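Encoded as structure tokens, the structure appears first; notes follow it.
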Amino acid sequence: MANVAVGQKTAESRHRALGLTDEQALEIYRLLVLARKTSERMLTLSMQGKVAIAIPSDGHEAAQIGSMLAMRPDDIIYPYYRSIPGVLARGMSVREVVLDYLARADGPSSGGRQMPGHWARPDLKLITGSSSVGTQIPHAVGSALASKIRGEDTVTIVYFGDGATSKGDFHEGLNFAGIHQLPVIFFCENNRYAISVPFSKQSAVKSAADRAQGYNMPGVSFDGMDVLETYRITREYVERARQGGGPALLEAQVYRFSLHTSHVGMENYRSKEEVEVQRRRDPIPRFQRELEEAGVLTAEQAAAIQDTATRELDEALAFAEAAPLPDPSTALRHVYKEA
Ligand SMILES: Cc1ncc(C[n+]2csc(CCOP(=O)(O)OP(=O)(O)O)c2C)c(N)n1
């Protein structure tokens with residue numbers, strides 16, 4: 001991109017070329033920052049014994065936020081346990097995310113009954129899943145089948161990691177969606193490892209997107225740490241599915257900067273150098289630089305957005321810590337029919 005003084009707007013900028021306003025681009029930046037800070041804070045809280053488990057999303061933000069912005073409000077979303085950025089982008093507040101993480105009675109996903117990461121907000125069409133890897137994939141295919149039977153033009157998107165592509169659920173889901181040409185986007189966040197197992201030890205093909213061929217659908221692999229590229233590609237395939245073009249497998253190449261979860265501490269499966277090299281792809285400074293070059297963000301504004309995110313997170317945490325835990329006498333609510 002051309003050398004441009006900060007504050008001077010350039011005609012050519014990727015977000016405008018994609019039809020996004022400057023305000024929307026700034027909102028994307030805000031979400032990236034808020035998601036990173038939330039993930040980091042949840043990991044700290046887990047180390048302090050305040051949350052049961054933290055599932056960091058550092059490095060996955062652009063993939064989740066860019067793709068979520070390509071969805072319509074009535075589209076159906078199946079996030080997975082690593083989806084803090086995605087659920088924030090879909091409209092959950094940081095307070096709700098923290099209430100869920102601290103297992104409070106008012107946590108929207110399960111009222112403190114489930115572990116963190118089983119996101120649910122039916123009004124946002126966010127459908128809960130389990131931590132059992134890949135089980136959300138056939139569920140999403142069921143939603144897409146329902147949309148097709150009802151004659152609705154809603155699209156379903158389902159998120160999962162590269163490890164999930166080695167599971168039977170993945171095969172069953174993509175096979176069925178391919179046969180019936182269902183409006184579903186399979187969104188793989190390939191962070192190269194299933195806990196400590198590298199992709200090359202889980203898969204005989206080089207790229208998760210290569211698997212699409214077996215199901216007669218397009219498979220597209222792209223830089224999932226580039227938020228605008230993720231948005232562009234997801235939008236293209238979502239609109240294709242909406243118009244009856246059938247499913248697609250999208251592979252966002254990402255990198256997980258932090259631990260697999262707070263429960264898996266051993267980092268002996270990858271070198272510090274590898275993590276450092278990948279850090280150069282960090283989606284947040286990359287997008288910040290891009291917005292500065294486009295003249296829509298200054299370093300001072302970026303710092304203010306970061307401070308506001310920290311304050312919002314502090315407030316959410318203070319609120320959630322003071323909020324009640326679920327009443328033990330209600331433990332079986334939603335499990336058995338109440339008389
Ligand atoms: C069916 C099943 N097997 C094993 C596990 C243990 N487990 C939890 S997360 C995980 C790795 C999944 O990796 P991937 O799908 O690449 O997603 P990531 O966590 O890297 O985002 C495993 C093996 C599980 N939860 N469910």
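Counting starts at 1 for both ligands and their atoms, following the listed order. Only a predicted model underlies this, so the values are computations on that prediction, with no experimental measurement involved.
The N191 neighbourhood of ligand 1 comprises atoms 18 (P), 20 (O), 21 (O), with distances under 4.0 Å to a heavy atom of that residue. Interface of H260 with ligand 1, defined as ligand atoms under 4.0 Å from a residue heavy atom, comprises 9 (S), 10 (C), 11 (C), 19 (O). When each atom of ligand 1 is checked for a heavy atom of D162 under 4.0 Å away, the hits are 14 (P), 15 (O), 16 (O). Numbered from 1 in the order shown, with element, the atoms of ligand 1 that lie under 4.0 Å from a heavy atom of I195 read 7 (N), 10 (C), 11 (C), 22 (C), 23 (C). Near Y193, meaning under 4.0 Å from any of its heavy atoms, are these atoms of ligand 1: 16 (O), 20 (O).
In this structure, Y215 has its ring center under 6.0 Å from that of H171.
Annotation: atom 14 (P) of ligand 1 to nearest protein heavy atom, G163 N, 3.3 Å. Remark: minimum distance from atom 9 (S) of ligand 1 to any protein heavy atom is reached at Y81 OH, 3.1 Å. For atom 25 (N) of ligand 1, the nearest protein heavy atom (residue, atom name, distance) is S131 O, 2.9 Å. The nearest protein atom to atom 24 (C) of ligand 1, hydrogens excluded, is given as V133 CG2, 3.6 Å; this is a heavy-atom distance. Closest to atom 21 (O) of ligand 1 among all protein heavy atoms lies Y80 OH, 2.6 Å.
Between Y101 and W119, the ring planes lie tilted relative to each other; the angle falls in the 30° to 60° range. The aromatic rings of F160 and F170 sit perpendicular to each other, their planes meeting at more than 60°, with 30° as the lower class boundary. Using bins of under 30°, 30° to 60° and over 60° for the plane-to-plane angle, the ring pair F187/F222 lands in the perpendicular bin.
Rounding to the nearest 0.5 angstrom, the gap separating the CD1 atom in I185 from the CG atom in L249 is 9.5 Å. Atom CG of residue D58 and atom CZ of residue R82 lie 9.5 Å apart, to the nearest 0.5 angstrom.
Counting protein heavy atoms under 4.0 angstrom from atom 3 (N) of ligand 1 gives zero.
Every heavy atom of R256 sits 4.0 Å or more from the atoms of ligand 1.
For the 3.5 Å distance criterion, the side chains of H118 and S131 qualify, holding a donor opposite an acceptor.
The backbone N or O of E315 lies less than 3.5 Å from no partner atom in the side chain of R95, so there is not a single donor-acceptor pair.
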